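Step one of this worksheet: look at the structure below.
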There are 2 protein chains.
Amino acid sequence: MTKAERTRHFIVEKAAPIINKKGMAATSINDIVEATALTKGSVYGNFESKDEICLEAFDYLVKRVVADMSMAMSRASTNRDKLFALFDYYFNTVAQQEGNYGCPLMNFGTEADDTNPVVKHKVSKAIQTTENLIAKIVKAGIDAGEFKPSFDAEVFSIKAFAMIEGGMWIARLQGNTKQMQVIVDALKQEINDYCK
Amino acid sequence: MTKAERTRHFIVEKAAPIINKKGMAATSINDIVEATALTKGSVYGNFESKDEICLEAFDYLVKRVVADMSMAMSRASTNRDKLFALFDYYFNTVAQQEGNYGCPLMNFGTEADDTNPVVKHKVSKAIQTTENLIAKIVKAGIDAGEFKPSFDAEVFSIKAFAMIEGGMWIARLQGNTKQMQVIVDALKQEINDYCK
DNA sequence: AATTTTTTATACCGATCGGTATATTTTAAG
DNA sequence: CTTAAAATATACCGATCGGTATAAAAAATT
């Protein structure tokens with residue numbers, strides 16, 4: 001790992017939470033310079049443009065969410081518990097307000113949808129990946145004889161993901177997790193209803 | 001209605017869709033000057049700051065959504081049909097891509113949640129109002145003997161609103177309404193299940 | 001250790017940002 | 001029609017924007 005690679009990574013690490021919080025357009029190079037305690041010349045020696053930093057920051061944030069989520073689910077043995085762990089992960093991250101600036105998919109996606117086709121496409125793919133992940137677990141549960149075959153994996157994955165993203169968005173704006181709790185409980189209830 | 005009042009309204013009308021599309025921070029006074037074909041002096045003769053324009057634009061957009069939604073629901077006679085009309089309204093607005101830049105609550109809320117407490121509070125109130133509206137219709141349906149008393153109005157309103165906001169967000173990023181259709185169908189299904 | 005290459009710091013670029021002072025024009029009151 | 005008041009246009013402000021040329025410093029190669 002060369003010095004430049006390490007510095008690139010360092011810059012992304014410091015910039016990502018700021019961009020996730022303030023938005024891409026509202027985050028200035030100066031914000032990043034201050035956060036890294038580097039200079040503008042150093043930043044532009046490692047990145048071609050602010051846009052490139054934003055793209056890498058997005059990838060970094062998504063990778064971290066995926067890693068944390070996988071970690072949380074890995075401890076579960078049944079498919080039911082995997083889904084529960086997934087929902088709990090989302091609930092817990094949004095519940096801990098400290099240093100949590102919301103789901104990067106939501107933040108980057110909402111800003112990019114009418115202005116930044118590259119980011120928009122990245123978010124779109126991440127949405128599909130997450131939904132597929134949920135559907136896959138449901139299907140595995142059906143195959144394992146854990147869930148009833150009438151459990152519609154596609155429909156549930158769409159409903160669950162939309163509800164979780166919507167719920168996290170509401171929780172952040174309301175400043176509490178009351179409604180997110182209702183949503184997670186309802187999703188768990190639906191899973192239990194389809195358990196044999 | 002004085003000239004100034006008319007001009008204020010005119011500016012808000014022209015600025016609102018731009019702010020909803022690009023975001024508050026990314027929309028410049030120059031964007032508004034161009035859209036209105038006025039001059040900067042004229043704009044600042046009618047508004048104290050860009051912030052004030054953003055606030056009025058938000059109010060304007062929300063009022064329009066509420067008006068359109070009420071109109072769509074007014075044609076329904078039963079509470080079931082009112083809920084159906086509400087869901088169809090959201091589906092139809094997100095389905096018409098032309099000139100639709102997404103739900104103002106979603107756009108303003110996501111940008112404001114970590115940066116603009118005033119807008120954040122406005123969005124928070126609007127979320128509560130919309131959820132209460134849904135819950136109220138469900139309760140009215142129960143009272144009218146239309147729905148089973150086991151239909152939990154609070155839980156349903158939270159689930160439905162989160163799912164619709166999440167669904168519209170997904171539809172805009174994916175560029176199609178496939179998943180929003182699944183969501184609306186699922187919500188209608190749930191209502192029908194609670195119909196007597 | 002010497003030298004070449006890479007990385008970082010300084011100083012600056014034109015453009016644009018939100019906002020304002022003031023002159024001109026338009027509107028409304030008498 | 002006159003005139004006072006309100007609204008609009010012009011020209012400008014300092015600050016900040018993203019980005020760059022170049023010099024100084026640090027790292028890597030020999």
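Predicted model only: the values in this text are computed from it and were never measured.
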Would you check if there is a donor-acceptor pair between the side chains of B:Ser124 and A:Gln174 at a distance under 3.5 Å?
yes

Can you see whether B:Gln189 engages B:Asp193 through a side-chain donor-acceptor pair at a distance of less than 3.5 angstrom?
yes

Identify the heavy atoms of A:Ala135 and A:Ser157 that sit nearest to each other, and give their distance.
N-CB, 3.7 Å

Any idea which heavy atoms bring A:Ile18 and A:Ala35 closest together, and the distance?
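Closest approach of A:Ile18 to A:Ala35, heavy atoms only: CD1-CB, 3.4 Å.
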
Just to confirm, is there a sub-4.0 Å distance from OP1 or OP2 of C:dT7 to any side-chain nitrogen or oxygen of A:Thr7?
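Checking C:dT7 against A:Thr7, no side-chain N or O comes under 4.0 Å of OP1 or OP2.
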
Residue-phosphate contact under 4.0 Å: B:Asn46 side-chain N/O, D:dT8 OP1/OP2
yes

May I have the distance from A:Arg8 (atom CZ) to C:dT6 (atom P), rounded to whole angstrom?
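Result: 16 Å.
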
Roughly, in whole Å, what's the span from CG in B:Leu38 to C1' in C:dT25?
14 Å

Going by side-chain contact (heavy atoms from CB on, under 4.5 Å), A:Tyr60 matches just one of A:Ile19, A:Val65, A:Val12, A:Leu55. Which one?
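That would be A:Val12.
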
With sugar-phosphate taken as primed atoms, P, OP1 and OP2 and all else as base, the protein-contact string of nucleotides 25-30 of chain D at under 4.0 Å (heavy atoms; B, S, -) is ------

Nucleotides 17-24 of chain D: protein proximity per nucleotide (B base, S sugar-phosphate only, - neither; heavy atom, under 4.0 Å)
SBBB----

Could B:Asp152 and B:Lys159 be called an ion pair, given the rule that one side-chain N must be under 4.0 Å from one carboxylate O?
no

Inspect the contact between B:Arg172 and A:Asp114 and indicate whether a charged nitrogen and a carboxylate oxygen are less than 4.0 angstrom apart.
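Salt bridge: yes.
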
Using a 6.0 Å distance limit plus a 45 degree cone around the ring axis, check whether B:Arg80 lies over the aromatic ring of B:Phe147.
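So B:Arg80 doesn't make the cation-pi contact.
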
